[in-house]
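Data block below; observations after.
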Amino acid sequence: MGWAAISKDAATRGAANLTDDVRASFTWEDARQMLEGLPGGGLNIAHEALDRHVAAGHGDQVALRWLGKTGDRRDITYAELTGMAARFANLLKAQGLGPGTRVYGLMGRVPELYAAALGTLKAGMTFTPLFAAFGPEPIKARLEIGEGNVLVTTAGLYRRKVAAWRDEVPSLRLVLTVDHDEAPEGCVALGPELERAADQFETAPTMPDDMALIHFTSGTTGRPKGAVHVHGAVVAHAATGRFALDLKPGDIYWCTADPGWVTGTSYGIISPLVNRVTMIVDEAEFDLDRWYSILQDEGVQVWYSAPTAIRMLMRAGKEAAQSYDFSKLRFLASVGEPLNPEAVVWSNEIFGRPFHDNWWQTETGGIMIANTAEMDIQPGSMGKPLPGIEAGIVARDDGGLRDCKTGEIGELALRPGWPSMMRAYLHEQARYDKCFVDGWYLSGDLAMRDKDGYFWFVGRADDLIKTSGHLIGPFEVESALIEHDAVAEAGVIGLPDETAGEVVRAYVTLNPGFEPSDTLEREVRGHARKVLGPAVAPREVLFRTSLPKTRSGKIMRRLLKARELGLPEGDISTLESDET
Ligand code: ATP
Ligand code: MG
């Protein structure tokens, strides 16, 4: 699509986990064989992530290398993390809680969060992580929707965000606070309880279809949905970590996503541990030098991040990366938003390895479409369906669906049946049922497939722009805009227009060294016209100091549009603070 393919060197391809043979013959039963399972057909995520590695003699391997905000570091081995999870499970049991209990995590990326998540799963209960940065209302709403029973948080977060409404959520029986401060009134301090608890716990005999996690979607297109996931999902976490992230036992792996977003749980806790890597957990927020230092000093081999962060690195320029040694990096992957081709090419230059874009959703529980280590990369494409995944591009036709032709834009659909598929939207049966038509799961995203089988993201179905008979996906326009030296990020929407139906409007942020001006506006527009043609290029380009984004780093185009048109903003519970 205008960018040269990046082909794999033979050495990388040869060593990839996913070979052509595996691709050709794979079944989900093969993935099941990567795991141990429990007697009687049982399956438990914590068992696969922790217990079995310890039993196999890997207890001394570091499972989690924690990098604290203020420079502390802590190495936690598989044996230690298993012990911490067991203590947490015992604590819950000692409180009289049993299977079915819903435990919420609301805290930064501290070791206790990981112990709580895994301990909850070990105990056969359900875990729901929330972003610590959520405000009081989004936290309350999510506890109510999920009927949360236990909240693990910090004393500070409790006082600021929970105490005022706690009595209004009757399902909430127990609040545990993790820090050293004394527990606020009505809460229990976690530390002393964990110390008292035994470090052995027989993992609950859960079955593959038992509920394990509730994950709220990012809220990019509207009100967040509570997606229900089961223990059986671990089969997909095992396989997709191996195939799409090229994880190998013993790798140093860094997933930059917070567990409050599904990526930070599926690929920031479960998949890496199941694949027995050493995971880096950084407590701090994005910081350029810190990130480059972590990659270098910790010898990160596999790195999973997101376009919003990658664009921040790009914004700082190549010079900022020059003094670092990234030679340990073997595989880079990105998810969450379309990855602009510019970013793929840039990363190949800076790190000597390109970012591999992959696509999935909270609903799918795991990676579905990916650029894998054995493939040539087409910058701007999200890759091909992973083994075991059947993806299609479909269009609605007389009430049913028809397959789209090669190159035709349609809705991205998946054949249900992979292990990590959500089992419900909590309390929203009708919304869930609407996702399934004619034997397909409809993703709500638009994409197209090229003649070589690569999938190309076009936009959210809601975001498609129709102008003078053309269909335009915002991603294409945004990617063209950020090719301009001045442009760091872009959000593109359609605005109603009497003659054209809709016109394309772009909002952009600028790279350091550039100031908004009429001349620059004309120049950026001119560049877009040259790349895209006059029908598709934005009619107007507006400069912003930042764009509205979700906590998981996705540009909220619906909000740009609502604000422009003076419409209600809708659900903005996941909005990261922004300026307009
Ligand atoms: P909500 O469903 O509440 O509106 P959301 O869809 O952003 O929020 P997530 O489940 O976190 O919630 O995100 C999944 C969506 O993110 C996908 O449907 C897709 O639109 C986008 N996405 C994820 N990865 C990619 C990618 N590699 N390329 C393009 N888009 C992606
Ligand atoms: Mg969604």
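Counting convention: from 1, in listed order, for ligands and their atoms alike. Hydrogens, waters and symmetry mates are skipped; everything else that's a heavy atom, side chains included, is used.
The residues Asp282 and Arg109 are annotated as not salt-bridged, no charged nitrogen and carboxylate oxygen being separated by less than 4.0 angstrom. The existence of a salt bridge linking Glu337 and Arg460 is excluded, since no basic side-chain nitrogen approaches an acidic carboxylate oxygen closer than 4.0 Å. Taking the charged nitrogens against the carboxylate oxygens, Lys225 and Glu428 have no contact shorter than 4.0 Å, which rules out a salt bridge. With respect to the salt-bridge test (charged N to carboxylate O, under 4.0 angstrom), the residues Asp246 and Arg330 qualify.
Among protein heavy atoms, the minimum distance from atom 22 (N) of ligand 1 is reached at Gly336 O, 3.3 Å. Trp359 CD1, 3.6 Å is the protein heavy atom nearest to atom 31 (C) of ligand 1. The shortest contact between atom 2 (O) of ligand 1 and any protein heavy atom is with Lys225 NZ, 3.0 Å. Of the protein's heavy atoms, Glu337 O, 3.4 Å lies nearest to atom 26 (C) of ligand 1. From the protein, the heavy atom lying nearest to atom 6 (O) of ligand 1 is Arg460 NH1, 2.8 Å. For atom 19 (C) of ligand 1, the closest non-hydrogen atom of the protein is Asp445 OD2, 2.9 Å. For atom 4 (O) of ligand 1, the nearest non-hydrogen atom of the protein is Thr221 OG1, 2.4 Å. Of the protein's non-hydrogen atoms, Lys554 NZ, 2.8 Å is the one closest to atom 13 (O) of ligand 1.
Ligand 1 has no N or O atom lying under 3.5 Å from any N or O atom of Leu339, backbone or side chain. The shortest N/O to N/O separation between Arg223 and ligand 1 does not fall below 3.5 Å.
Atoms of ligand 1 found under 4.0 Å from any heavy atom of Thr217, numbered from 1 in the order shown, are 1 (P), 2 (O), 3 (O). The ligand atoms of ligand 1 that sit less than 4.0 angstrom from a heavy atom of Thr362 are 9 (P), 10 (O), 11 (O). For ligand 1, the atoms lying closer than 4.0 Å to a non-hydrogen atom of Trp261 are 11 (O).
Figure legend: Arg142 and Phe216 shown as a cation-pi pair, the cationic atom lying under 6.0 angstrom from the six-membered ring centre and within 45 degrees of its axis.
Ring-plane geometry between Trp303 and Phe355 is classed as tilted, the angle between the planes lying from 30 to 60 degrees on a 0 to 90 degree scale.
Sorted pairs that involve residues 339-348 and meet salt bridge (charged side-chain N to carboxylate O under 4.0 Å, His left out), not counting sequence neighbours, are lacking altogether.
Ring-centre distance between Phe457 and Trp359: not below the 6.0 Å cut-off.
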